[in-house]
Amino acid sequence: MDVLHAAIWVDDIDAQLAFYCDGLGLEQTREFDLDGVTNTYVAGESDAEIQFKHDDTERNPEPAVIDHLAVEVADMSETIETLVERYDSEVVDDPRTVEEKGIQIAFVTDPEGYVVELIENIEA
């Protein structure tokens with residue numbers, strides 16, 4: 001058993017790919033059409049992917065039904081600065097350290113309004 005992907009509807013696939021690939025450093029792994037819907041996937045170093053479903057309609061997805069997506073980052077401050085300046089990302093929760101886990105976390109929004117948890121491993 002394994003987690004393979006999470007799928008979310010998006011209206012602007014180009015903005016999503018810029019945010020997740022250029023802004024967060026993920027890579028587009030594949031894309032295919034099925035029943036009039038384009039399915040575009042991004043991933044990092046693990047096998048788990050985020051699937052963006054999009055078509056020519058405005059679905060106005062409701063990000064509130066998803067709590068958040070989580071992405072590991074190498075440098076929290078630099079990543080947040082880039083996302084805010086280049087992608088108009090909003091900081092939902094400022095960075096904070098979770099000592100017992102050896103991580104720093106923060107929460108930002110993506111172009112569609114989904115909340116993304118940024119996680120930086122701070123243990124040496």
Side-chain angles (χ1 to χ4, degrees):
M1 299 289 189
D2 197 3
V3 174
L4 300 178
H5 69 266
I8 58 175
W9 279 100
V10 300
D11 287 333
D12 187 342
I13 186 61
D14 293 330
Q16 288 296 94
L17 289 175
F19 179 88
Y20 284 89
C21 295
D22 299 336
L24 290 174
L26 300 180
E27 293 185 20
Q28 182 176 340
T29 55
R30 57 194 166 121
E31 181 176 277
F32 63 87
D33 292 328
L34 181 65
D35 299 328
V37 175
T38 301
N39 299 272
T40 306
Y41 293 75
V42 297
E45 295 176 11
S46 72
D47 291 334
E49 297 172 299
I50 300 170
Q51 175 187 1
F52 301 121
K53 299 172 68 80
H54 56 102
D55 57 20
D56 291 332
T57 64
E58 291 253 344
R59 293 184 178 271
N60 298 314
E62 295 185 30
V65 298
I66 293 177
D67 187 69
H68 68 273
L69 303 168
V71 176
E72 182 179 21
V73 299
D75 184 312
M76 182 69 69
S77 297
E78 182 180 314
T79 300
I80 291 174
E81 183 178 322
T82 297
L83 298 178
V84 169
E85 288 179 7
R86 292 187 193 163
Y87 307 102
D88 293 324
S89 184
E90 293 181 26
V91 178
V92 177
D93 271 330
D94 289 323
R96 65 178 177 198
T97 301
V98 182
E99 295 284 343
E100 61 273 12
K101 299 288 184 185
I103 59 173
Q104 186 176 46
I105 62 172
F107 293 84
V108 299
T109 58
D110 76 8
E112 296 279 339
Y114 291 103
V115 175
V116 179
E117 179 181 14
L118 306 175
I119 302 172
E120 179 183 352
N121 185 346
I122 57 174
E123 289 188 338

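- Proximity of a side-chain donor or acceptor of Ser89 to a complementary backbone N or O of Thr109 within less than 3.5 Å is detected.
- Looking at every heavy atom in both residues, Ala43 comes nearest to Ser46 through CB-O, 4.3 Å.
- In this structure, Glu31 CD and Phe52 CZ are separated by 11.5 Å, a value rounded to the nearest 0.5 Å.
- The environment of Asp56 atom CG is sparse: at most 12 non-hydrogen atoms of other residues, nucleotides or ligands sit within 6.0 angstrom.
- Under the 4.5 angstrom side-chain criterion for Ile, Leu, Val, Met, Phe, Trp and Tyr, the cluster partners of Leu34 are Phe32, Tyr41.
- Taking the side chain as every heavy atom from C-beta outward, Thr82 and Tyr87 approach each other to under 4.5 Å.
- Contact record, Ala106 with Met76: CB-SD, 3.7 Å, taken as the closest heavy-atom pair.
- Considering Leu118, Leu24, Asn121 as possible partners of Glu72, the one that fulfils the side-chain contact (heavy atoms from CB on, under 4.5 Å) test is Asn121.
- The closest donor-acceptor contact from the side chain of Glu112 to the backbone of Asp11 lies under 3.5 Å.
- Counting heavy atoms from C-beta outward, Tyr20 and Thr40 have side chains that stay 4.5 Å or more apart.
- The shortest non-hydrogen separation linking Val10 to His54 is O-CB, 3.4 Å.
- Counting heavy-atom neighbours within 6.0 Å of Glu27 CD, excluding the residue itself, gives a total of 12 or less.
- Hydrophobic cluster membership for Val3: none, as no Ile, Leu, Val, Met, Phe, Trp or Tyr side chain comes under 4.5 Å of it.
- Counting heavy atoms from C-beta outward, Glu49 and Leu4 have side chains that stay 4.5 Å or more apart.
- Taking OG1 of Thr29 as the reference point, atom CG of Asp47 lies at 10.0 Å (rounded to 0.5 Å).
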Derivation of the side chain to side chain contact (heavy atoms under 4.5 Å, CB included) call for Thr97 and Ile122: CA-CA 9 Å; Thr97 301; Ile122 57 174; 3.5 Å; yes
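- Of the possible donor and acceptor atoms, one in the side chain of Asn39 sits under 3.5 Å from a partner among the backbone N and O of Val37.
- To the nearest 0.5 Å, the span separating NZ on Lys53 from CD1 on Ile8 amounts to 11.5 Å.
- Gln51 places no side-chain N or O within 3.5 Å of a backbone atom of His5 that could act as its donor or acceptor partner.
- Between Ile80 and Pro95, the shortest heavy-atom contact is CD1-CG, 3.5 Å.
- Atom CD in Glu78 sits 10.0 Å away from atom CD in Glu120 (nearest 0.5 Å).
- Between the Asp110 side chain and the Gly113 main chain, a donor and an acceptor come within less than 3.5 Å of each other.
- Within 6.0 Å of CZ on Arg30 lie more than 12 heavy atoms contributed by other residues, nucleotides or ligands.
- Closest non-hydrogen pair, Ile119 versus Ala70, comes out as CD1-CB, 4.1 Å.
- Side chain of Asp75 to main chain of Ser77: a donor-acceptor pair is present (N/O by atom type, distance under 3.5 Å, no hydrogens or angles).
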